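Counting convention: from 1, in listed order, for ligands and their atoms alike. Everything quoted here is computed from the prediction, not taken from an experiment.
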Amino acid sequence: MSSQTAQELGYEIHRLSPRLHCLRPHAAVSGESFARDVAFTLGGSSKSINPKWFYDDEGSALFGQICTVPEYYITVTESSILSRIGGELGSFLARDTRLVELGSGLSSKTRLILDVMEGVQDEMEYLPIDISDVLAESCHGLLDDYPRLEITGIIDTYHGGLEFLSTLDERPNLIAFLGSSLGNFDAGEGELFLKKIASCMGERDMLLLGLDLDKESGVLEAAYDDTQGVTARFNLNVLTRMNRELGANFDLSAFAHRAKYNGSARRIEMYIESLADQDVAIPAAGAAVRFGRGELVHTENSHKYTIPRIREMVREAGLGTDAIWQDEENRYALVLCSKQGRPRRT
Ligand code: AVJ
């Protein structure tokens, strides 16, 4: 990538160290659009907050903590599958593969993939794309541990980051989209987003998708309502963020976390429930919002998948499934796909 292209695309370039660059859009996904977005989604009769606003510094830290609570099996299960399949995954990768990660967050699982690449590559390039600032922080640790690694972090939405991919050189990309983050999209939009990813993929690119599998509602509801209350704090933190960034006056003790499994839609739905009739001012959004007692504000969907459904989605996106790996209890799946089906290196 030339710095000129990055600038033409509207990115500001921050050189944080010789091996770490971060790109940030000039019109950052910042206060103004947060205000505009919540004014819109809290303005109607059916209220919601987009989960992308969860991830300020506090929210990102809380999500990191969720990944360690015993009920939230997703992260540990995915990591254990990744460490088990390392060599096999490596056999699909060309030796000059660049790792691109969508929604990299704290980059903890990234290491498992970099370990695979390190075994077969001399130089390694990592391109994380994340809306949160924690991206830069987590990258410093990676540089220390991987001396041959170069990182270009893109602090942007998935869409912005994917556009950027098409400006890169011809090296094959392994696009990692882990943690069942695809499940956050609304029904239909996840499928569209897969198509969008596929449309940005070259013939030699591969996609590694981590998806949570459908299972008993009790297990799912516990994963999204842990007994330590970390998920509750994570959910309610978006109100704290509005208080701080938008001058709102949410009384945190008057709202509660809720998580429900919707079996027919195959998804966990998270809500914030108003425990009283109350009015809240959100000055930066120019809004005054009335909440009724018991009213639910929808904050997140986490879709759950079945193997046949995954195969179908991948096929409809115009991709082929090269491998599917699961844990022994079939809680979670890692799916490797590509345009034509990749021959393995032998
Ligand atoms: C990061 C979107 C995959 O849906 O499981 C965790 C976010 N929300 N606990 C998920 C989340 C509540 C997580 N994703």
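- Using a 4.0 Å cut-off between heavy atoms, Phe185 makes no contact with ligand 1 at all.
- Listed by number with element, the atoms of ligand 1 under 4.0 angstrom from any heavy atom of Ser180 are 3 (C).
- Among all non-hydrogen protein atoms, the one lying nearest atom 3 (C) of ligand 1 is Gly179 O, 2.8 Å.
- By the 3.5 Å distance cut-off applied to N or O atoms, Tyr55 is not counted among the residues near ligand 1.
- For Gly183, the closest heavy-atom approach to ligand 1 does not fall below 4.0 Å.
- With hydrogens left out, the protein atom closest to atom 4 (O) of ligand 1 is Ser302 OG, 2.3 Å, a heavy atom.
- Residue Phe63 places a heavy atom less than 4.0 Å from ligand 1.
- Close N/O approach between Ser181 and ligand 1 is not found [any backbone or side-chain N/O within under 3.5 Å].
- Ring geometry for Tyr224 versus Tyr72: interplanar angle over 60°, hence perpendicular rather than tilted (30 to 60°).
- Taking the six-membered ring where tryptophan is involved, the planes of Phe234 and Phe63 are tilted, since the angle between them lies from 30° to 60°.
- Contact annotation for Tyr224 and ligand 1: only side-chain heavy atoms (C-beta onward) come within less than 4.0 Å of the ligand.
- Side-chain atoms of Thr231 and Asp226 include a donor-acceptor pair closer than 3.5 Å.
- Among residues at least two apart or in separate chains, salt bridge (Lys or Arg N to Asp or Glu O under 4.0 Å) pairs with a member in residues 306-316 are Glu191-Arg309, Arg309-Glu312.
- For atom 7 (C) of ligand 1, the nearest protein heavy atom (residue, atom name, distance) is Glu300 OE2, 3.4 Å.
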- [ ] Evaluate the criterion side chain to side chain donor-acceptor pair (under 3.5 Å) for residue pair Glu58 and Asn237; output intermediate values, then yes/no.
- [x] CA-CA 8 Å; Glu58 178 65 11; Asn237 174 61; over 6 Å; no

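- Relative to the six-membered ring of Phe34, Arg241 meets both conditions, a distance below 6.0 Å and an angle of at most 45° to the axis.
- For ligand 1, the polar-atom distance check against Tyr72 finds a nitrogen or oxygen pair separated by under 3.5 Å.
- Contacts of Asp251 classified as side chain to side chain contact (heavy atoms under 4.5 Å, CB included), with partners at least two apart in sequence or in another chain: Ser253, Ala254.
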